[in-house]
Number of protein chains: 2
Amino acid sequence: MNIGDVARRSGLPAKTIRYYEEIGLISPLRGANGYRSFRDSDLHKLAFLGRARSLGFSIEDCRGLLKLYEDDSRASADVKRIAQEHLHRIEAKIEELQTMHGTLSHLVAACAGDARPDCPILSDLAESDAAPQPGAQRRS
Amino acid sequence: MNIGDVARRSGLPAKTIRYYEEIGLISPLRGANGYRSFRDSDLHKLAFLGRARSLGFSIEDCRGLLKLYEDDSRASADVKRIAQEHLHRIEAKIEELQTMHGTLSHLVAACAGDARPDCPILSDLAESDAAPQPGAQRRS
DNA sequence: ATAAGGATTCCACTTGCTGGAAGGTCAAGA
DNA sequence: TCTTGACCTTCCAGCAAGTGGAATCCTTAT
């Protein structure tokens, strides 16, 4: 299979597939003409990667998952640990976004959104209270 | 004020402040020794930027907000539009993360997490169904 | 005089690709 | 046979939003 076929069948752009080879996630063979020659196993790995990435796993997580996937003597605990850590990161991110959402939706609701210059959004951003401490959350 | 003072008072790292100057968000004066010399107005802008960034606004959004902030004849509608668009992006991101979270938490719950190799997480990632179409969501 | 603690610049690196340029290859049609 | 067009190749540059480090300069105090 050439890269175009694999791209269509895996749903990943050819550029991305080349990139995955460059960073060592896959190692397709090469034909006499220099073209990459993908085996079924390469296609499977790419599909695996596409699904893992769509769940938000980082490339390094994907590298680890792929290694475990190929290791018949793996422990499912190792897989679960990676997934759980990722799940925690997702939860933290959701919380962070929800905090932003809370603040911002209040401000948006309070803004008239007309031709006048008065704007609670700008007033809030301009408020000169204490400098934010690292990791501090502003009021919601 | 030197950059160290401004960093302490704005809560932003000096590196970030230099970067903000480089991309034209602020334009502090320079002393005879080549040191940046920050006015109160620069400090206020940096605090403004810090708060806007902490609400997740992109640098380009911040540039626009800062411009409106400085424009006495602004229309609050322009501010509100920027904020609303950002709010929509936040909502979309939250939904995306919640979808990931749903899938992943099911998989994590189904995984024994012991020394055996059987793992529903890997099985799911390895599933060879149709290639994902652009924008498609996998089942939750 | 010298050492510490600031300040300066510049360059490289991060994540995960994406775009484009310049060129080689291959199969089909006139 | 030639050419066209669709592939493929590599390499270089860039996105966001900084962060880290090196080499060097300035200031202040001992």
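Sequence lines set the chain letters: A, B, ... in the order given, protein chains first and strands last, and positions in each chain run from 1.
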Worksheet item: Rounded to the Å, how far apart are B:Glu21 CD and D:dG18 P?
Response: 15 Å
Practice prompt. Name the residue closer to the 5' end of DNA chain C, choosing between A:Ala32 and A:Lys15 according to the nucleotide with the nearest heavy atom.
Written response: A:Lys15
Discussion item. Rounded to whole Å, how long is the line connecting atom CD of B:Glu60 with atom P of D:dG14?
Written reply: 17 Å
Practice prompt. May I have the distance from B:Asn2 (atom CG) to C:dT8 (atom P), rounded to whole angstrom?
Written response: 7 Å
Discussion item. Side-chain N or O of A:Thr16 versus OP1/OP2 of C:dT18: is the shortest distance under 4.0 Å?
Written reply: yes
Worksheet item: Rounded to the Å, how far apart are B:Tyr19 OH and C:dC10 P?
Response: 16 Å
Response to the item:
In this structure, CE of A:Met1 is separated from CZ of A:Arg36 (nearest 0.5 Å) by 14.5 Å
Item to complete: Compare side-chain N and O positions of B:Arg36 against OP1 and OP2 of C:dA7 and report whether any pair is under 4.0 Å apart.
Response: no
Discussion item. Distance check, rounded to the nearest 0.5 Å: A:Phe48 atom CZ versus B:Leu125 atom CG?
Written reply: 4.5 Å
Discussion item. What contact category does B:Arg18 fall into here, base, sugar-phosphate, or nothing, at under 4.0 angstrom with non-hydrogen atoms?
Written reply: base
Fill in: Below 4.0 Å: OP1/OP2 of C:dC17 and any side-chain N or O of A:Tyr20
yes
Discussion item. Before you tell me yes or no, could you show the steps for A:Ser76 and B:Asp118 under side-chain hydrogen bond (donor to acceptor under 3.5 Å, both in side chains), namely the whole-Å CA-CA distance, both residues' side-chain angles and the distance that decides it to 0.1 Å?
Written reply: CA-CA 6 Å; A:Ser76 68; B:Asp118 317 79; over 6 Å; no
Worksheet item: Looking at A:Asn33, does any N or O in its side chain come under 4.0 Å of the phosphate oxygens OP1/OP2 on C:dC26?
Response: yes
Discussion item. Taking only side-chain N and O atoms of A:Arg63, does any of them lie within less than 4.0 angstrom of OP1 or OP2 on C:dG16?
Written reply: no
Response to the item:
To the nearest angstrom, the CD1-C1' distance between A:Ile23 and C:dG16 comes to 8 Å
Fill in: Rounded interatomic separation in angstrom, taking CD1 from A:Ile17 and P from D:dC7
14 Å
Item to complete: Check whether any side-chain nitrogen or oxygen of B:Arg30 sits under 4.0 Å from OP1 or OP2 of D:dC26, and answer yes or no.
Response: no
Practice prompt. Rounded off to whole Å, could you give me the CD1-to-C1' distance for the B:Ile59 and D:dT19 pair?
Written response: 14 Å
Worksheet, complete the sentence: Of B:Arg53 and B:Tyr35, the one whose closest nucleotide on DNA chain D sits nearer the 5' end is B:Arg53
Worksheet entry | Atom-pair distance (CZ on B:Phe57; P on D:dA16), nearest Å | 17 Å
Item to complete: With the side chain counted from C-beta on, respond yes when A:Arg89 and A:Lys93 share a heavy-atom pair under 4.5 Å apart, and no when they do not.
Response: no
Fill in: Hydrophobic cluster identity match, A:Leu65 and A:Tyr19, side-chain contacts under 4.5 Å
yes
